[in-house]
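What follows is a short report on a single structure.
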Amino acid sequence: MSANPIYERLVHYRDLIREITDFEPEIAITLGSGLGNFADNIEVVKTVNYSDLPGFPCSTAPGHVGQFIFGMLGGKKVACMKGRLHYYEGYPMSDVVMPLRLLKMLGAKTAIITNAVGAINKNYKVGSFMVSRDCISFFVPSPLIGQNIDELGPRFVDMSDLYTKELREKVKAIASREGIDVNEGVFVQLTGPQFETASEIVALRTLGADCAGMSSGVEAIAGAHMGMKVCGISCITNMCTGVTDEKLSGEEVIEVANRVSRDFEKLIKLLVEEI
């Protein structure tokens, strides 16, 4: 086994979960804001709280419970991260991506990563969705910095298909069929927790970003490093600073995400069925 302490922790937590359940997921789903009740769609086999794993980092963000939900959905074996870890919570990036890495080590080959974002693209609408075509992530540390964990993936990882085209096409086809408003665009991850300034949004738009969030990009990179197929789906909960005159708040993000959660859930559920 690697002497890398991060990998040793992953193996330790994998073994602890294996003592609780032998369930092997095919698909890992990260549940962002607005998808807290998505697990109600799952025929649950086992729930493992992050707090059940001694020393495991726990989510502190509002609406992020901190659980692994293992079960069946649409005939597929899935594992949901009900609540994620954010860099702005003060965790090192290796902890932020630890839950997804752990689910890959438990068997998941596909990652569906969801989040709530602000729209930079003026043509996007609050309450609509975006499937990520690409990502700008250099505003946050790469989760691959440091000694490479050879057991997980190579030192240098190609990013030309970070978000798997096959999955993007499935999302767009489902959205068209179901009448759900989904755009395809470029996601940018920033540190947070403050919302972006108006000048930052102008700069990000110039760089080609369509929406901004405080998570998800590093998870996609960690998933790609491990050879996972990755799909990123964002709920547009607000227009970014300066796009409108509206003040931004965390409460607004949660309210909008909850309001459109039914469409969000339908999109994810149908995608799982078609994978």
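If you read the sequence from its start, that first residue is 1, and numbering goes on from there.
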Enumerate donor-acceptor pairs with a distance under 3.5 Å from any side-chain N or O in residues 21-30 to protein atoms, sequence neighbours excluded.
from: T21; atom 1: OG1; to: F23; atom 2: N; distance (Å): 3.1
from: E26; atom 1: OE2; to: K77; atom 2: N; distance (Å): 2.8

What are the two closest heavy atoms between [X] and [Y], and how far apart are they?
X    : Y    : result
A39  : V44  : O-CG2, 4.3 Å
I233 : L271 : CD1-CD2, 4.1 Å
V218 : P141 : CG1-O, 3.8 Å
C211 : M130 : SG-CE, 3.2 Å
M226 : L100 : CE-O, 4.1 Å
L190 : V140 : C-CG1, 3.8 Å

Per the salt bridge (charged side-chain N to carboxylate O under 4.0 Å, His left out) rule, what does the pair list look like for residues 220-238, sequence neighbours excluded?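 Sorted result for residues 220-238: E166-K229.
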
Which pairs with one or both residues in residues 92-103 pass salt bridge (charged side-chain N to carboxylate O under 4.0 Å, His left out), sequence neighbours excluded?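 Sorted pair list: R9-D95.
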
Pairs touching residues 136-157 that satisfy ring-ring contact (aromatic ring centres under 6.0 Å, His included), sequence neighbours left out: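 For residues 136-157, and leaving out neighbouring residues, there are no ring-ring contact (aromatic ring centres under 6.0 Å, His included) pairs at all.
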
Spacing of [atom1] belonging to [X] relative to [atom2] belonging to [Y], to within rounding of 0.5 Å:
X    : Y    : atom1 : atom2 : answer
I275 : K109 : CD1   : NZ    : 13.0 Å
I120 : I201 : CD1   : CD1   : 4.5 Å
L103 : I17  : CG    : CD1   : 7.0 Å
I221 : H225 : CD1   : NE2   : 11.0 Å
M93  : M98  : CE    : CE    : 13.0 Å
N37  : K82  : CG    : NZ    : 6.5 Å

Residues K165, R133; criterion side chain to side chain contact (heavy atoms under 4.5 Å, CB included); working and verdict: CA-CA 8 Å; K165 183 177 181 180; R133 180 180 69 250; over 6 Å; no

Please enumerate all residues that pass side-chain hydrogen bond (donor to acceptor under 3.5 Å, both in side chains) together with [X], with sequence neighbours excluded.
X    : value
N123 : none
E169 : K172
S216 : R84, N115
N121 : D210

Report the C-alpha separation of L106 and F70 in whole Å, then their side-chain angles, then the decisive distance to 0.1 Å, and conclude whether the side chain to side chain contact (heavy atoms under 4.5 Å, CB included) test is met. CA-CA 11 Å; L106 290 169; F70 298 96; 4.0 Å; yes

List the steps, then state whether side chain to side chain contact (heavy atoms under 4.5 Å, CB included) holds for M228 with T110. CA-CA 5 Å; M228 302 181 83; T110 299; 5.9 Å; no

Expected output: side-chain [X] to main-chain [Y] donor-acceptor under 3.5 Å:
X    : Y    : value
R168 : C231 : no
S176 : A173 : no
D263 : V260 : no

Same cluster or not: are V188 and V202 linked, directly or through other Ile, Leu, Val, Met, Phe, Trp or Tyr residues, by side-chain heavy atoms under 4.5 angstrom apart?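 In one cluster with V188: V202, no.
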
Taking a hydrophobic cluster as the set of Ile, Leu, Val, Met, Phe, Trp and Tyr residues connected by side-chain heavy atoms closer than 4.5 Å, whether directly or through intermediates, do L102 and L16 fall within one such cluster?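 Per the 4.5 Å side-chain linkage, L102 and L16 are co-clustered.
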
Can you tell whether the side chains of E273 and K76 come within less than 4.0 Å, N to carboxylate O?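 The answer is no: the pair does not qualify as a salt bridge.
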
For A175, enumerate each residue passing the side-chain contact (heavy atoms from CB on, under 4.5 Å) test, keeping only those at least two apart in sequence or located in another chain.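 For A175, the residues satisfying side-chain contact (heavy atoms from CB on, under 4.5 Å) (neighbours in sequence not counted) are I180, V182, L267.
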
Identify, with sequence neighbours excluded, every residue that meets ring pair (Phe, Tyr, Trp, His ring centres under 6.0 Å) alongside F129.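 Testing F129 for ring pair (Phe, Tyr, Trp, His ring centres under 6.0 Å), a comparison that skips the adjacent residues, returns F264.
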
With sequence neighbours excluded, residues passing salt bridge (Lys or Arg N to Asp or Glu O under 4.0 Å) with R177: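 Scan of R177 (salt bridge (Lys or Arg N to Asp or Glu O under 4.0 Å), adjacent residues dropped) gives E274.
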
Could you give me the CA-CA distance, side-chain angles and deciding distance for M214 and T191, then say whether side chain to side chain contact (heavy atoms under 4.5 Å, CB included) is met? CA-CA 6 Å; M214 303 174 189; T191 64; over 6 Å; no

Sequence neighbours left out, cut at 3.5 Å: what donor-acceptor pairs do the side chains of residues 48-55 make with other protein atoms?
from: N49; atom 1: OD1; to: Q67; atom 2: NE2; distance (Å): 2.8
from: Y50; atom 1: OH; to: G83; atom 2: O; distance (Å): 2.8
from: D52; atom 1: OD2; to: N49; atom 2: N; distance (Å): 3.0

Which of parallel (below 30°), tilted (30 to 60°) and perpendicular (above 60°) describes Y88 and H86?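 The rings of Y88 and H86 lie parallel, inter-plane angle below 30°.
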
Y87, OH: over 12 other non-hydrogen atoms inside 6.0 angstrom: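 It does not: Y87 OH has 12 such atoms or fewer within range.
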
